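Note that the coordinates shown come from a computational prediction; the quantities given were computed from them, not determined experimentally. All residue numbers in this chain count up from 1 along the given sequence.
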Amino acid sequence: MVSGNLFHCRRNSWPAEEYVGRTALQLLDFDGGSPPEQAWRRRLNSHANLLKEFSVTFMEAMRMMSLGLRLWSYVREEASHGRKAPIDPFTKEKCKPSASQGVPLGGMGSGSISRGFRGEFKNWHIIPGLCETSPVMENQFSIFVSRDGGNKKYSSVLSPGHHEGLKKCNDSGISSWDWNLSGQHSTYHALFPRAWTVYDGEPDPDLKISCRQISPFIPHDYKDSSLPTAVFVYTLVNTGKDRAKVSLLMTWANSIGGFSHHSGGHFNEPFIAEDGVSGVLLHHKTAKDNPPVTFAIAACETQNVNVTVLPVFGLSGEGHVSAKQMWDKMAQNGHFDRENFEAGTSMPSSSGETLCAAVSASTWVEPHGRCTVVFGLAWSSPKIKFQKGCTYNRRYTEFYGTSERSAVNLVHDALTKYKIWEEEIEKWQNPILKNERLPEWYKFTLFNELYFLVAGGTVWTDGQPPVIDEKTNPGSNQQKSSKRGTRDTKQELVKDNHVKLTAEQVANGGDLTNSEERSVSKYAVVHGSQMAKATNGLGSQEPIPYLLSKNGPENVGKFLYLEGVEYIMWCTYDVHFYASFALLDLFPKIELSIQRDFANAVLYEDRRRMKFLADGTSGIRKVKGAVPHDLGTHDPWHEMNAYNIHDTSKWKDLNPKFVLQVYRDFAATGDMSFGRDAWPAVCAAMDYMNQFDRDGDGLIENDGFPDQTYDAWTVHGISAYCGGLWLAALQAAATMAHRLGDRPFAEKYKLKFIKAKAVYEAKLWNGSYFNYDSGSSSNSRSIQADQLAGQWYAASSGLPPLFDEHKIRSALQKIFEFNVMKVKGGRLGAVNGMTPSGKVDETCMQSREIWTGVTYGVAANMLLHGMEHQAFTTAEGIFIAGWSEEGYGYWFQTPEGWTIDGHYRSLIYMRPLAIWAMQWALSPPKAILDAPKVNLMDRIHLSPQMIRAMNEISVRKIAPDNRCFASSAFRCEC
């Protein structure tokens, strides 16, 4: 825990008064309308620059040419089956990414919609793994103001018209609307999961307006945090002398992004619910047999607010009221006809037709008076269907049923409960926001980086096996189905004789090659290269079963989140290692659920063949004892390891990371049931790694290819990164064994730790830091920013330090002076590799990149060792480059990394959630703080027999301990 004063790090960044007049802030300080003191801010007229993507060098392109050919062939093969490849750098989005993102809408795991800081609804992530980035411009909030008996009128869409296609033609569509907002006096203030947009005299000079956007992201609330809904609270303050009639308008297209609204078969209907809630349901028939979606847009009628609707309008005016006619009616009357509530269900839309709906809320605001108007949005898509056939119920169906019409109840509850949500959100955030010891930028960036848990393609199921898919009309009143089953009656549980793994198989682990073609990345391909056809991929064979993990005393469902929107793999484990601090701190039951899934997966084998694109070889999809890289893409839990660049069963970081995460979670939660359930997988994961200890010195060696999360950065021999993770895993496994009463295992791995630590320090410590690896390549002495990842986890878990404190601080100081401060004065973060001469390591693409999540992890490690100034300076580089106005524009889309020129790779990425590791270091959980200050390793007494036996080990490959490969995944007699 950090002690001392951090005032030297404090910076007053963007006070609200610099963006909104003090008078306006005071007037809006009513019913939560005024933005908070700490927030990320932008003016609505700010330029949203296009983002620049990274490119590879000529030599990197040459090395990756063979990979590019194989990847091109694989992408085309997947496309022929109607699927998107997990890694597809060849297909570019039509909407080029720009610096225009804002706080996303909704809770976790039920589909998400992002909203840009200028008001556009974009990045539609309703269908798992598919993100439609383009904004749907029909979705808007607008305002109509009438004063002085109608002699003075103002009307405008509440978003600047800085979009292609607007005001370019005189038609009956949305171009005919009044796009009068300049944005010069309007500002956006973001503090996830809320955002404020303040209109200071726009479009009416005498009207102050605040729109507060609220989503139900509430730590430790496993019900409301799963709800697909959001609320927009408008606070109106009339500073004029005249009474003002104000009408707010919400318009919505029957669309889930892209061109989905043109597919036809969609229909709308008005509704009136309880407590004054009324609006329109928009039933959307999705393409490719995906489950339907129903949107609900609504407002809350009160004594002072009148709500009316227009259930249907179109863009052309053929068959429906046109967008222009709708606008003109609002400008004239300020409301729609009450009879519209009796309109009933509309006719289904035709192909190519855009169906829209509108909700109006009108009120009178007296001179110097105030008023609140509340809109709600919900979307109900109760079933999740993955592309290879499995269908699941979403988490929220546990509380709202499986009918799409539950959108009515969702939006009703949002409109009536949002004040309770806000109280819980403020109770969670205020202790951090009011902590004067913390830098201002850190406070709001900490919360805003959580956007990924909503916008990162998250899926949250009810935790049950796949449902039997029953096709229903999206408007039908279907009750919750209890029918469950597998996707195919031919699929049965894998028999024991199918998953058995011999000691020889584990020990050999397949042939390893040192081919230069393997020095490639899942993220890197040749940009603009001419790719020729290669051979088709291997066909699928027999599947493995749905991994139904135990959930402990409470079933909180199953949770998936993508590595990134460009790398479509669920729960990528080498990246989750960094990001998982956020889930463990805020939703620990979800974190334990993910760990149970991986623990279960460790003990299974999937013998279906797959091709590895780095070198063209093939192997089995999932090796028993190896931690999977991910839980899959198109059939998660059934078909793992969607990543197919390298054979990850030969990676050296996944198994140690699994053991470290399990121990950290076990220590932090004190959940003995979880510890016992995961223990067989920990045993298996540790013993599996023995095959990589080639010389029997207790330390694993890398195999001359990029066999870890830096999958373009080759490692030779012992590496600082993987070797350090292994040391920490040995200590964690031995300590966990002691706590669970497995004395033989504890003794075995304590002795191995003692031996391995001596070898590690002797071969890598150079007096000031740990060398990149023990090889003789040109970069073997490079300074790796992530060299102390193992020590970071040990300290975060309450374990003893792996090395003497002076060595740890010396290495961290070296990283700070070289990897951080020698790159643009520390304004970019920590570059992954730096040569001892002070130049960026240009060995490969990844060595020269700054990884955002790794930088946050390094800063967390610095905090754990009392280096507060270095920690916040290091992390602030990510804020300056990614989030500040002088940066590159990566807010709410933080990428995996960027080059020293600021060019990004992989937007909206999982790893930056590691900023919560900094908060973990600042405020460790009570279970770790209150743990006995005793080195449990000292309590593990080695028997003479164990010492003698270990000393007699010759240089050989060690077979796994098969006692932990029992047929039952959750019983261990260790």
Side-chain angles (χ1 to χ4, degrees), residues 86-87 452-453 456-459 521-523 544 547 549 558-564 567-584 590-606 621-633 636-666 678 681-682 684-686 688-689 706-711 721-722 725-726 728-729 732-733 786 789-790 792-793 851 853-854 857 896 906 909-914 917:
I87 303 164
F452 187 84
L453 289 177
T458 50
V459 167
S521 170
K522 62 184 172 185
Y523 315 118
I544 65 169
L547 297 177
S549 304
K558 283 180 171 288
F559 191 87
L560 300 170
Y561 64 147
L562 292 175
E563 178 178 335
Y567 304 142
I568 309 171
M569 294 165 283
W570 300 109
C571 295
T572 299
Y573 202 72
D574 55 307
V575 184
H576 180 68
F577 175 77
Y578 298 83
S580 58
F581 283 91
L583 283 174
L584 182 58
I590 290 178
E591 166 63 10
L592 295 190
S593 173
I594 293 173
Q595 297 299 357
R596 289 177 190 275
D597 283 344
F598 276 91
N600 206 1
V602 167
L603 301 171
Y604 282 96
E605 178 173 273
D606 181 355
R621 179 171 289 276
K622 167 66 178 68
V623 175
K624 191 174 184 181
V627 174
H629 172 274
D630 55 80
L631 291 178
T633 292
W637 300 296
H638 295 275
E639 186 179 88
M640 294 174 285
N641 282 334
Y643 174 79
N644 61 350
I645 303 297
H646 297 294
D647 181 356
T648 59
S649 70
K650 299 169 185 174
W651 276 19
K652 309 307 183 295
D653 64 336
L654 288 169
N655 282 39
K657 285 175 174 176
F658 169 72
V659 174
L660 287 170
Q661 287 184 78
V662 167
Y663 181 78
R664 178 203 58 188
D665 298 354
F666 172 61
V682 171
M686 291 298 294
Y688 180 86
M689 293 301 293
D707 48 359
Q708 25 75 43
T709 194
Y710 298 91
D711 60 348
Y721 183 69
C722 294
L725 290 171
W726 176 241
D786 215 2
W792 166 40
Y793 251 73
W851 282 12
V854 167
E896 158 74 308
S906 184
Y909 197 77
M910 181 198 294
R911 206 181 318 248
L913 284 170

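Annotation: cation-pi pair R664/F577 absent, no NZ/CZ under 6.0 Å from the ring centroid and within 45° of its normal.
Looking at residues two or more places apart in sequence or on another chain, you find a salt bridge (Lys or Arg N to Asp or Glu O under 4.0 Å) between D707 and K652. Scanning for side-chain hydrogen bond (donor to acceptor under 3.5 Å, both in side chains) contacts around Q708 gives an empty result, with sequence neighbours left out. The salt bridge (Lys or Arg N to Asp or Glu O under 4.0 Å) check on R621 picks up nothing, with sequence neighbours excluded. Residues satisfying the side-chain contact (heavy atoms from CB on, under 4.5 Å) test with I568, not counting sequence neighbours, are K84, L562, T633. The salt bridge (Lys or Arg N to Asp or Glu O under 4.0 Å) check on D653 picks up K657, with sequence neighbours excluded. Shown here are the side-chain contact (heavy atoms from CB on, under 4.5 Å) partners of N644, two or more places apart in sequence or in another chain: Y74, M610, L613.
Atoms CE and SG, on M689 and C722 in that order, are 7.5 Å from each other to the nearest 0.5 Å. To the nearest 0.5 angstrom, T572 atom OG1 is 13.5 Å from Y578 atom OH. Separation of atoms OG (S580) and CD1 (I590) is listed at 13.0 Å; rounding is to 0.5 Å. The CE atom of M910 lies 9.5 Å from the CG atom of L453; values are rounded to the nearest 0.5 Å. Within the model, atoms CG of L725 and CG of D786 stand 7.5 Å from one another, a figure rounded to the nearest 0.5 Å.
By the 4.5 Å heavy-atom criterion applied to side chains, M569 and I87 are counted as neighbours. You'll find the side chain of Y567 stays beyond 4.5 Å of the side chain of V575, heavy atoms only. Between I594 and H576 the shortest side-chain heavy-atom distance falls below 4.5 Å. Put simply, the side chain of E591 does not reach to within 4.5 Å of the side chain of F581, judged on heavy atoms. For the pair F666 and V682, the minimum side-chain heavy-atom distance is 4.5 Å or more. By the 4.5 Å heavy-atom criterion applied to side chains, Y561 and L913 are counted as neighbours. By the 4.5 Å heavy-atom criterion applied to side chains, Q661 and Y793 are counted as neighbours. No side-chain heavy atom of V662 sits less than 4.5 Å from a side-chain heavy atom of F598.
Counting only N and O atoms by type, the side chains of Y573 and E563 include no donor and acceptor under 3.5 Å apart. Side-chain atoms of S906 and E896 form no donor-acceptor pair, as typed in the model, at a separation below 3.5 Å.
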- [ ] Could you give me the CA-CA distance, side-chain angles and deciding distance for D606 and M640, then say whether side-chain contact (heavy atoms from CB on, under 4.5 Å) is met?
- [x] CA-CA 8 Å; D606 181 355; M640 294 174 285; 5.8 Å; no
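Counting all heavy atoms, side chain and backbone alike, Y721 lies closest to A789 at CE1-CB, 3.7 Å. Residues V627 and L654 approach most closely at O-CD1, 3.6 Å, considering heavy atoms. Here the shortest heavy-atom pairing between W651 and P706 reads NE1-O, 3.7 Å. Across all non-hydrogen atoms, the minimal contact from P636 to W570 is CB-CD1, 3.8 Å. G790 and A728 make their closest contact through O-CB, 3.4 Å (heavy atoms, listed as atom of the first residue, atom of the second, distance). Listed here is the closest heavy atom pair of Y643 and D630: N-OD2, 3.2 Å.
Not less than 6.0 angstrom separates the ring centroid of W851 from the ring centroid of Y909.
Judged by distance alone, the side chain of K622 and the main-chain N or O of N641 form no donor-acceptor pair under 3.5 Å.
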